[in-house]
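One structure is given below, encoded as structure tokens.
Basis for what follows: all heavy atoms, side chains included, without hydrogens, waters or symmetry-related copies. Residues take their numbers from the sequence shown, with the count starting at 1.
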Amino acid sequence: MKILIIGLLGSGKSSLAYYINKKYKLPRLNLDEIFRTAGGGYAESQQYQKDLDTFLKEHCDWVIEGCQQELYQHIQPDLIVFTDISGIRAAWRFTCRFFQARRLIGLEIEKDAPVQAYHYRHPTPAKIWDWYRCNQSIKRQIDDWLKTVSVPVMTISSFREYPKIDQVLNSECFR
């Protein structure tokens with residue numbers, strides 16, 4: 001079972017991937033983990049592509065999540081889950097992450113936890129505006145890319161819809 005989770009920043013991709021990782025014991029990869037450096041900058045494209053290729057070669061089944069189109073468009077999943085939430089809800093979640101991260105700064109963070117503190121330090125209106133513009137671009141990219149894929153796509157808008165994912169993953173075609 002190969003599951004790709006895509007969506008806007010703050011749409012719940014990491015939380016869903018973490019849920020699937022724990023429930024179905026699938027290796028999990030957050031594309032941010034290979035796309036960004038520990039300091040929050042961006043890795044070299046040759047390096048993150050190599051890291052992705054290594055992960056894919058090492059695992060037959062997996063759950064991968066992210067919104068970096070230059071990475072996910074080369075992945076061959078069995079199922080794509082699009083976490084499509086409203087821009088207002090995503091903005092609220094993004095803003096809340098600053099406050100969650102503030103509690104985590106300086107603490108040891110579990111590597112597999114869905115929230116990484118270094119991405120969300122020091123909230124400013126400029127960061128929130130940049131995030132909003134970035135999400136508009138991501139939404140257009142995802143919408144365009146989904147028109148070209150030939151694998152099943154499932155759209156969810158809330159953690160309340162996780163049971164729908166369980167139904168699909170427990171069906172005959174994914175066992």
Could you tell me whether a side-chain N or O of N135 sits under 3.5 Å from a main-chain N or O of L9, the two making a donor and an acceptor? yes
Audit row: K139, D143, salt bridge (charged side-chain N to carboxylate O under 4.0 Å, His left out) steps and yes/no: CA-CA 6 Å; K139 174 76 166 126; D143 287 344; 3.2 Å; yes
Among I3, V149, I75, I142, find the one that has a side chain to side chain contact (heavy atoms under 4.5 Å, CB included) with I80. V149
Check this for me: R133, atom CZ, are more than 12 non-hydrogen atoms of other residues, nucleotides or ligands nearer than 6.0 Å? yes
Indicate if V168 and Y24 have the same hydrophobic cluster label, given that clusters are the connected sets of ILVMFWY residues with side-chain heavy-atom separations under 4.5 angstrom. yes
With M154 as reference, evaluate I5, L169, I165 under the side chain to side chain contact (heavy atoms under 4.5 Å, CB included) test and give the passing residue. I165
Q68 CD to I6 CD1 distance, which is reported to the nearest 0.5 Å: 11.5 Å
Given I156 and Y162, is the side chain to side chain contact (heavy atoms under 4.5 Å, CB included) satisfied, shown in steps? CA-CA 8 Å; I156 66 166; Y162 285 10; 4.2 Å; yes
Between the OG atom in S137 and the CG atom in L8, the distance rounded to the nearest 0.5 Å is 10.5 Å
In short, C67 meets I138 closest at the heavy-atom pair SG-CD1, 3.7 Å
Are any of the side-chain nitrogens in D144 or R140 under 4.0 Å away from the carboxylate oxygens of its partner? no
Shortest non-hydrogen contact between K13 and G7, atoms and distance: CD-N, 3.2 Å
Nearest-0.5 Å distance, NE2 of residue H74 to CG of residue L56: 11.5 Å
I'd like to know if the side chain of T155 and the backbone of T83 have a donor-acceptor N/O pair within less than 3.5 Å. no
Would T54 and E58 count as having a side-chain donor-acceptor pair, cut-off 3.5 Å? no
What is the distance from atom CD1 of I64 to atom CD1 of I20, rounded to the nearest 0.5 Å? 12.0 Å
For the residue pair D51 and L29, establish whether any side-chain heavy-atom pair is separated by less than 4.5 Å. no
Are I85 and V81 co-members of a hydrophobic cluster defined by side-chain heavy atoms under 4.5 Å apart? no
Please say which of K2, R28, M1 ends up in a side chain to side chain contact (heavy atoms under 4.5 Å, CB included) with W62. K2
Do you know the tightest heavy-atom contact between G66 and L31? CA-CD1, 4.0 Å
Hey, what do you get for OG1 (T148) to CH2 (W145), rounding to the nearest 0.5 Å? 6.5 Å
